[in-house]
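Here is the structure we will look at, set down as structure tokens.
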Amino acid sequence: MTCDSASHLIDDLLGDQLSRREHQRLEEHLSACPHCTEVLHERLALERRMQQALTASVHQLQLAPDASRGLLQAVEASLQQPAWRSRALPVARVLAGALAAALLGLGLLLLSERVPVPSIGGQQTGHSPARQPALSVDQSSISFEPHDMVHGDRFTVTIPIESNLLQEIDTVRCDLEISGPTGQYRFALFMQGPLPARGLSIIHVTPELLARPSQDQYQLSPAQIFGLPGAYTFRVTVFSPVVASSQ
Amino acid sequence: MARAEQVSVETESLIRRYQKGDELAIGALIRRYQNYVYRLCYLVMRNEQDAEDMTQETFVRAFQALPRYEIRVGISFEAWLYRIAVNRCRSRMRRKWYQVFPWPSPAPQIAADLETQPDRLVMQDERRSEILTAINSLGDKHRLVVILRYYAGFSNEEIAQSLRIPSGTVRSRLHTARQRLKALLAEPEETKRQQIVSNRVAP
């Protein structure tokens, strides 16, 4: 056996994919080859370090009590769906789907002659009128805890975007402006969909998201933005749907 | 992470109770496994909010499928949940839900503030942190197989089944990931930093 073949067998050994015969052949090679033995030890050490690092990074992580309650409620709610949705015969489900699609198509056909093409601009500070196709963000619902940021704290900003458009869209630009003791920062968030045509979409802005490198390598860390204790305010502006190529 | 190779007696009892219509078993099963799933989701999604969302989606799917779940020797309930979780996470990642482009207008005093970061931000175990940073710098394809192999404890075959990719692809991705990690951990600090940024931008 060559050292190259042994290297492949070491990969398989570590991936629990080695047959008894291959195991025996590898052992024979290792007993006569100090180089491959060293390679095996190195790989085992790297594996052990990766296991330890991954496990240690999350071993104290626990789902927050309110998230745990939400989880139970979501599961119970999903199980209370009408029985026919989960147990009906496939034929019945296909027919129901076809009927729904036909009705939806008819509805869209009728609406398309009366409703203008969606066009949204400027800041939206409340729910849009029910009959006007629009994307809107309700500023009053933007949650940010804790309000008085202490340097290094974790946070999540939840931005609810409500849509009553006629069709789902690929990309939406949403500008986030953060003002506080360290200055003013502006982020352009390009949300890539599909964003549902109607209903609420939630964006969660987290430190990891803000720290993600941008295309031009310009990068801000949460420590930069929230480098000083104090009150920070957020303002969100939703713009018209844009196509991905315009980025 | 040590992963049980088979369904424990307590879990089996809860699953059977649920399959017979005992709704109290739902809460018990969730309490028992929510943190397992949450931690995996956190490693994959790298933020708490997405991890919470994906944990929720995982359990919703799992309980919908649980009436048809068959307890088999050699396949643990954790592995089954992990498989659902990783597919929910992949689905979320494929949507590329948002990208952020900071506008270059930081306040001038920021650079000075960075010099005075509190000591508690310094990682206790720098080496461990370095490995984690290196793993997180991998592209999603390679990062995912590394997490499933070294955190979830999946074999190559289990990873292949979970991700619905050929076993040879798993082997190749793990090989590439190991090479990159080895190189990254051996590089000088400055080169490493640049490599991490470049890997993230173009995985």
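Lettering of chains follows the sequences in order, A, B, ..., and the numbering in each one begins at 1. This structure is a prediction, so every number in the text was calculated from the model and none was measured.
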Exercise. In terms of heavy-atom proximity below 4.5 Å to chain B, should A:Leu46 be classed as side chain, backbone, both, or neither?
Worked result: side chain
Problem set entry | Contact class of B:Val170 relative to chain A, heavy atoms under 4.5 angstrom | neither
Problem set entry | Structural part of A:His59 lying under 4.5 Å from a heavy atom of chain B | backbone
Exercise. Would you say the side chains of B:Thr11 and B:Tyr33 form a donor-acceptor pair under 3.5 Å?
Worked result: yes
Problem set entry | Check: A:Arg43 main-chain N/O paired with B:Arg178 side-chain donor or acceptor under 3.5 Å | no
For this session: Identify which part of B:Leu40 has an atom lying under 4.5 Å from any heavy atom of chain A, answering side chain, backbone, both or neither.
Result: neither
Problem set entry | Main-chain N/O of A:Leu61 paired with B:Arg39 side-chain donor or acceptor, under 3.5 Å | yes
Exercise. Any side-chain donor-acceptor pair under 3.5 Å between B:Tyr38 and A:Gln62?
Worked result: no
